[in-house]
Amino acid sequence: MDLNYTDAQIAFRSDVRDFLSDNLPAHLSDKVRDGVALTKADHEEWHAILNAQGWLAGNWPVDHGGTGWDSVQRHIFEDEMTKANAPRIVPFGLAMLGPVLMAFGSDEQKSYWLPRILNGDDWWCQGYSEPGAGSDLASVRTMAERDGDDYIVNGQKTWTTLGQYANMIFCLVRTSKEGKRQEGISFLLIDMNSPGITVRPIVLIDGGAEVNEVFFDNVRVPVANLVGEENKGWTYAKYLLTHERTNIAGVGFASAGLEQLKRIARAELSGGKPLIQHPLFAARIAQVQIDLMAMATTNLRVISAAAAGQAPGAESSMLKVKGTQVRQEINALTMQAIGPYAMPFVSEALDGDNDPVGPAYAQAPTGQYLNNRKLSIYGGSNEVQRSIIAKAILEL
Amino acid sequence: MNFDLTEERQMLQDGLRRFLRDQYTPDLLAQIETSDTGTSPEVWAGLANMGVIGALFTEDQGGFGGAGFDIALVAEEMGRVGATDPLIDTGILGGGLIAALGDEGQQAMLDDIIAGTRQLALAHGEPSSRYDLSRVETTWADGKLTGRKAVVVNGGAADTLIVSARTSGDVADTDGISLFIVAADAPGLMRRSYPLTGGGHAAEITLDNTPGTLLGTAGQGYAALAAAHARATLAISAEAVGLMDAVRTLTTDYLKTRKQFGQPIGKFQALQHRMADVLIEIEQARSAVINLAGHLDADTQTRDTHVAATKTLIGQVARLVAEESIQMHGGIGMTQEYALGHLAKRLLMVDHRFGDTLYHMDKFIALAVA
């Protein structure tokens with residue numbers, strides 16, 4: 001047992017830190033710190049900076065243009081990124097589709113799509129969830145029927161994050177109704193500009209519209225855009241989900257959130273004294289900080305096992321439950337910290353171009369609290385994660 | 001011991017429940033959300049006609065109620081539909097302070113208030129006062145008020161403002177606070193109105209040598225402020241219980257109809273037990289509101305102990321109910337379009353008015369534990 005990083009890992013962390021301090025634009029980190037929504041151009045700017053450094057694809061091997069980092073390096077990189085309030089790397093192309101193409105795509109698909117992901121030529125979105133399906137992913141109803149060299153796709157996807165920016169969507173579609181429901185699913189790449197596709201924003205309780213419904217009405221998709229084999233899409237989807245679950249604990253987000261909470265609690269006054277000195281509030285901050293410290297180590301234990309070649313399994317469910325609990329508690333404390341100024345709803349606040357009501361730091365916490373209720377719902381709800389733990393770890 | 005409503009109150013409850021159920025359609029809520037005041041003038045007129053505003057005042061004051069149980073009954077029904085009407089601001093705070101402190105001429109305003117033709121707001125909190133009731137920095141000199149007031153609910157729509165100012169003593173002393181009646185269009189008064197999370201509007205108010213008329217005795221405003229806040233705390237707590245009931249109904253209906261993994265999700269024992277806990281806590285909240293309603297006119301120490309206990313519990317249960325209901329709904333609970341969002345947000349914002357769980361836990365420790 002050795003809790004220390006190796007010299008090489010320490011040197012790597014210092015390289016990452018130097019790079020961020022030299023190259024992360026302040027106008028981006030200010031927005032991230034204050035919870036202001038990033039524009040498409042903001043994301044693209046940061047994507048290009050990381051790509052120029054060769055640090056965009058932390059989970060890709062070197063021969064595909066990735067960094068070849070191991071899981072500890074990736075963790076260090078993500079940790080420094082969140083501490084510096086860098087924009088998160090949009091995961092759909094890099095973290096989700098890329099690994100699936102590398103594992104199951106044809107040579108043509110790899111050589112065409114992978115460089116375009118790195119260059120930012122395509123903005124991908126994820127077509128998994130469907131209305132009524134929730135955490136039950138295998139109940140895919142969007143149909144793809146073969147017609148010559150095309151599939152004809154009909155159906156609806158929902159909760160498509162940042163679909164409004166995307167020109168491409170990777171979709172689970174049903175190509176067969178025979179056998180078990182998992183067996184008739186295929187994995188298709190679809191051009192969002194195809195005739196018959198409609199994107200409709202879903203306004204969430206924080207007033208923002210980051211997710212969408214995507215409708216498919218007789219959309220023609222070339223058979224060349226099928227990944228792997230027809231009716232084997234469920235295997236690829238599950239493979240993708242294991243990649244979706246890296247960094248699932250969100251330790252970096254929690255650490256950055258805790259810093260912002262303390263910053264606000266030092267500035268806010270209660271009974272004429274800084275709120276952070278209020279014993280009851282300090283106790284709640286202490287509790288979440290203690291939870292975060294232990295969770296960070298649980299996270300490292302899983303990462304370390306992964307670096308030694310053990311695939312993360314049900315442990316990621318544990319990290320998801322605890323990680324979202326910690327982040328949601330930080331969100332709740334931050335909203336509490338801003339007191340009566342949690343009440344104003346200024347829809348423009350999250351877009352950053354309205355005169356704020358109250359202190360600048362009070363603009364985002366209520367919206368963030370409401371928005372992050374999604375953390376325990378999406379990516380397999382926390383109830384589903386607990387069932388996985390009960391079944392796979394406890395063998396109940 | 002009798003926990004039943006009197007016949008008069010039962011009639012008021014039935015009528016008000018019917019009226020609000022008819023008025024508060026999804027269309028009305030959508031219309032209110034984009035309106036300039038965050039409320040509906042038609043509903044307000046209807047409430048006045050039914051005598052709902054009058055139910056907040058005693059017979060001496062021109063009303064026909066005014067007891068804790070009247071306030072709780074009305075507010076709970078308002079909560080049940082997620083109503084945004086400023087009963088607390090115009091009736092309990094503004095009207096209540098005029099009724100408690102006003103001279104004969106000032107009392108005349110109560111007729112307009114009860115008739116629904118005059119809107120009020122209490123401009124008391126300041127940008128750095130948080131929930132501290134005695135922290136007042138707005139000044140009074142040569143008959144003019146100067147200072148800033150923060151998150152004044154209904155402040156934009158009000159015709160008349162009750163403004164607190166320090167006329168003597170230190171910044172946080174209870175002695176030395178005076179109250180003034182100020183016309184909303186008085187010189188030097190600026191208002192910036194904005195919508196609130198969960199509905200309604202508030203305003204940031206700047207006073208710069210603004211004239212006002214003294215309400216009550218100079219320097220002696222604190223006791224009336226505290227009493228008005230106790231009544232407002234009862235109202236918002238009862239409103240929260242109404243909101244909790246509505247949220248619980250939506251959620252249990254959803255658990256019965258939403259199917260996943262081949263069965264209604266309400267059949268999963270994990271969710272049944274959590275929903276059972278939600279119910280237990282809502283009943284705790286309801287009892288806390290009854291406790292406060294029954295002690296609203298007791299001695300200050302008893303009253304304030306119940307204010308602190310009730311508001312602490314309401315804040316805790318509100319968060320539990322809002323979070324569990326969103327979680328059990330899943331994705332649909334995250335959408336603006338679905339009815340839950342408005343109710344859950346309104347419920348969560350209850351902890352940001354008249355003191356949060358921290359503030360009231362502190363008060364309770366001082367009054368009943370330490």
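Proteins get letters first, then strands, A, B, ... in listed order; numbering begins at 1 in each.
- With a threshold of 4.5 angstrom between heavy atoms, A:Glu268 approaches chain B through side-chain atoms but not through N, CA, C or O.
- Only the side chain of A:Ile202 comes within less than 4.5 Å of a heavy atom of chain B; its backbone N, CA, C and O stay farther away.
- In this structure a side-chain-to-backbone donor-acceptor pair under 3.5 Å is present from B:Lys345 to A:Ile205.
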- prompt: Can B:Glu324 and A:Arg373 be said to form a salt bridge (Lys or Arg N to Asp or Glu O under 4.0 Å), step by step?
  reply: CA-CA 10 Å; B:Glu324 283 289 59; A:Arg373 301 313 307 164; over 6 Å; no
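- Only the side chain of B:Val153 has a heavy atom closer than 4.5 Å to any heavy atom of chain A.
- At a 4.5 Å heavy-atom cutoff, A:Tyr378 makes no contact with chain B through either its backbone or its side chain.
- Under the 3.5 Å distance criterion, the side-chain polar atoms of B:His352 are matched with a main-chain donor or acceptor of A:Gly339.
- Interface remark: A:Leu275 contributes side-chain atoms only to the contact with chain B (heavy atom separation under 4.5 Å).
- Side-chain atoms of B:Arg130 come within 3.5 Å of backbone atoms of A:Ala337 as a donor-acceptor pair (strictly under, hydrogens ignored).
- The two residues A:Trp159 and B:Ile332 make their nearest non-hydrogen contact at CZ2-N, 3.8 Å.
- Remark: the backbone N or O of A:Ser376 is paired with a side-chain donor or acceptor of B:Gln327 at under 3.5 angstrom.
- For the residue pair A:Gln328 and B:Glu323, no side-chain donor N or O sits within less than 3.5 Å of a side-chain acceptor on the partner.
- Heavy-atom distances place no part of B:Ala172 under 4.5 Å from chain A, backbone and side chain included.
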